[in-house]
Amino acid sequence: MGDFLTDVQTLRARAREHIDKGPVTDAYGADIERVISVLNEALATEIVCTLRYRRHYFTATGLDAKPVAAEFLQHSNEEQEHADLLAERITQLGGAPDFNPATLTTRSHAEYDASTALLDMVREDLVAERIAIASYTEIINWLGDGDPTTKRVFESILGTEEEHATDMLEFLENMQ
Ligand SMILES: [Fe+2]
Ligand SMILES: [Fe+2]
């Protein structure tokens, strides 16, 4: 056993202290308040992305619209799943997930969009995905080894955002 590992007696004793903190132990290596606030910014981003794609799904018209609209709907549903994962992690860490609609667009990294033309919708979705990708990549690097579970949540979400960006780019290239 390496010197860096805590002995069993101490581990057991520590686990009994601060039982009210649930899964958060002394071994937690990140700034928890900052992590919760970053998670809430990402939650706002995912809710705005859910709404933007939903709006695009219902308003996509034109000859090219059907397959694109189907993709908008799928993305909207996946953004909702991301929002749920983030809210769940916030509560695991003892924080409060912020669903306040009044401050949603200012807290979100990506923007809402109400374009009327299909091409504009696709372009705005691609921009929003690129914002999410850049911000989640930064968050993952910032988390480092301090909170592997939160890091894993962001890594799995990041993978989907990269797929979303690829989907939108493909449409954009075929529409121009
Ligand atoms: Fe997402
Ligand atoms: Fe996305």
Side-chain angles (χ1 to χ4, degrees), residues 30 34-61 64-93 95-144 146-176:
R34 187 83 190 97
V35 171
I36 289 167
S37 114
V38 162
L39 279 162
N40 261 318
E41 285 174 29
L43 174 60
T45 301
E46 294 296 341
I47 296 169
V48 167
C49 289
T50 305
L51 295 172
R52 193 191 58 253
Y53 274 123
R54 213 72 176 180
R55 197 277 183 186
H56 288 176
Y57 165 64
F58 281 108
T59 55
T61 52
D64 305 332
K66 268 225 158 119
V68 185
E71 206 65 33
F72 286 160
L73 178 60
Q74 194 197 319
H75 286 200
S76 176
N77 292 337
E78 284 169 347
E79 309 301 14
Q80 181 64 63
E81 286 170 22
H82 295 166
D84 292 344
L85 287 170
L86 294 163
E88 190 183 5
R89 185 60 185 152
I90 291 167
T91 54
Q92 276 178 351
L93 292 174
D98 190 347
F99 287 93
N100 186 353
T103 56
L104 212 49
T105 51
T106 49
R107 290 183 295 113
S108 166
H109 296 164
E111 290 173 287
Y112 182 70
D113 169 72
S115 295
T116 49
L118 191 61
L119 185 69
D120 295 335
M121 295 183 202
V122 171
R123 192 188 299 111
E124 286 309 305
D125 287 329
L126 177 54
V127 169
E129 294 294 351
R130 288 174 55 79
I131 291 168
I133 289 165
S135 110
Y136 296 164
T137 302
E138 280 185 11
I139 291 168
I140 288 163
N141 292 333
W142 170 71
L143 281 167
D147 181 340
T149 308
T150 300
K151 190 181 180 184
R152 232 172 23 245
V153 169
F154 275 107
E155 282 171 343
S156 97
I157 293 175
L158 175 62
T160 313
E161 309 307 7
E162 288 176 345
E163 286 174 23
H164 289 173
T166 307
D167 294 338
M168 290 302 114
L169 179 61
E170 217 165 273
F171 283 134
L172 200 63
E173 286 172 344
N174 285 309
M175 288 164 77
Q176 277 167 338

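Atoms within each ligand, like the ligands themselves, are counted from 1 in listed order.
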> How long is the gap from CE on Met175 to CE on Met168, to the nearest 0.5 Å?
Replying inline: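 If we round to the nearest 0.5 Å, Met175:CE and Met168:CE are 9.5 Å apart.
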> Below 4.0 angstrom, N of the basic side chain to O of the carboxylate: do Arg89 and Asp84 qualify?
Replying inline: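 Salt bridge flag = no for Asp84 with Arg89.
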>> Counting only heavy atoms from other residues, nucleotides and ligands, does the tally under 6.0 Å from CZ of Phe171 exceed 12?
In response: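 Enclosed.
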> Has Asp125 got an N/O/S atom less than 2.8 Å from the Fe ion (ligand 2)?
Replying inline: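 So Asp125 does not bind the Fe ion (ligand 2) by this criterion.
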> Who are the side-chain contact (heavy atoms from CB on, under 4.5 Å) partners of Glu163, not counting sequence neighbours?
Replying inline: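 None.
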Side chains of residues 41-50: which donor-acceptor partners sit under 3.5 Å, not counting sequence neighbours?
from: Glu41; atom 1: OE1; to: His109; atom 2: NE2; distance (Å): 2.8
from: Thr45; atom 1: OG1; to: Glu41; atom 2: O; distance (Å): 2.9
from: Thr45; atom 1: OG1; to: His109; atom 2: N; distance (Å): 2.9
from: Glu46; atom 1: OE1; to: His82; atom 2: ND1; distance (Å): 3.3
from: Glu46; atom 1: OE2; to: Tyr136; atom 2: OH; distance (Å): 2.7
from: Thr50; atom 1: OG1; to: Glu46; atom 2: O; distance (Å): 2.7
from: Thr50; atom 1: OG1; to: Gln80; atom 2: N; distance (Å): 3.3

> In chain order, what residues pass the ring-ring contact (aromatic ring centres under 6.0 Å, His included) check against His56, with sequence neighbours excluded?
Replying inline: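 Here the qualifying residues are Phe72.
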> So which protein N/O/S atoms does the Fe ion (ligand 1) have within less than 2.8 Å?
Replying inline: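 You should have found Glu46 OE1, Glu46 OE2, Glu79 OE1, His82 ND1, Glu161 OE2.
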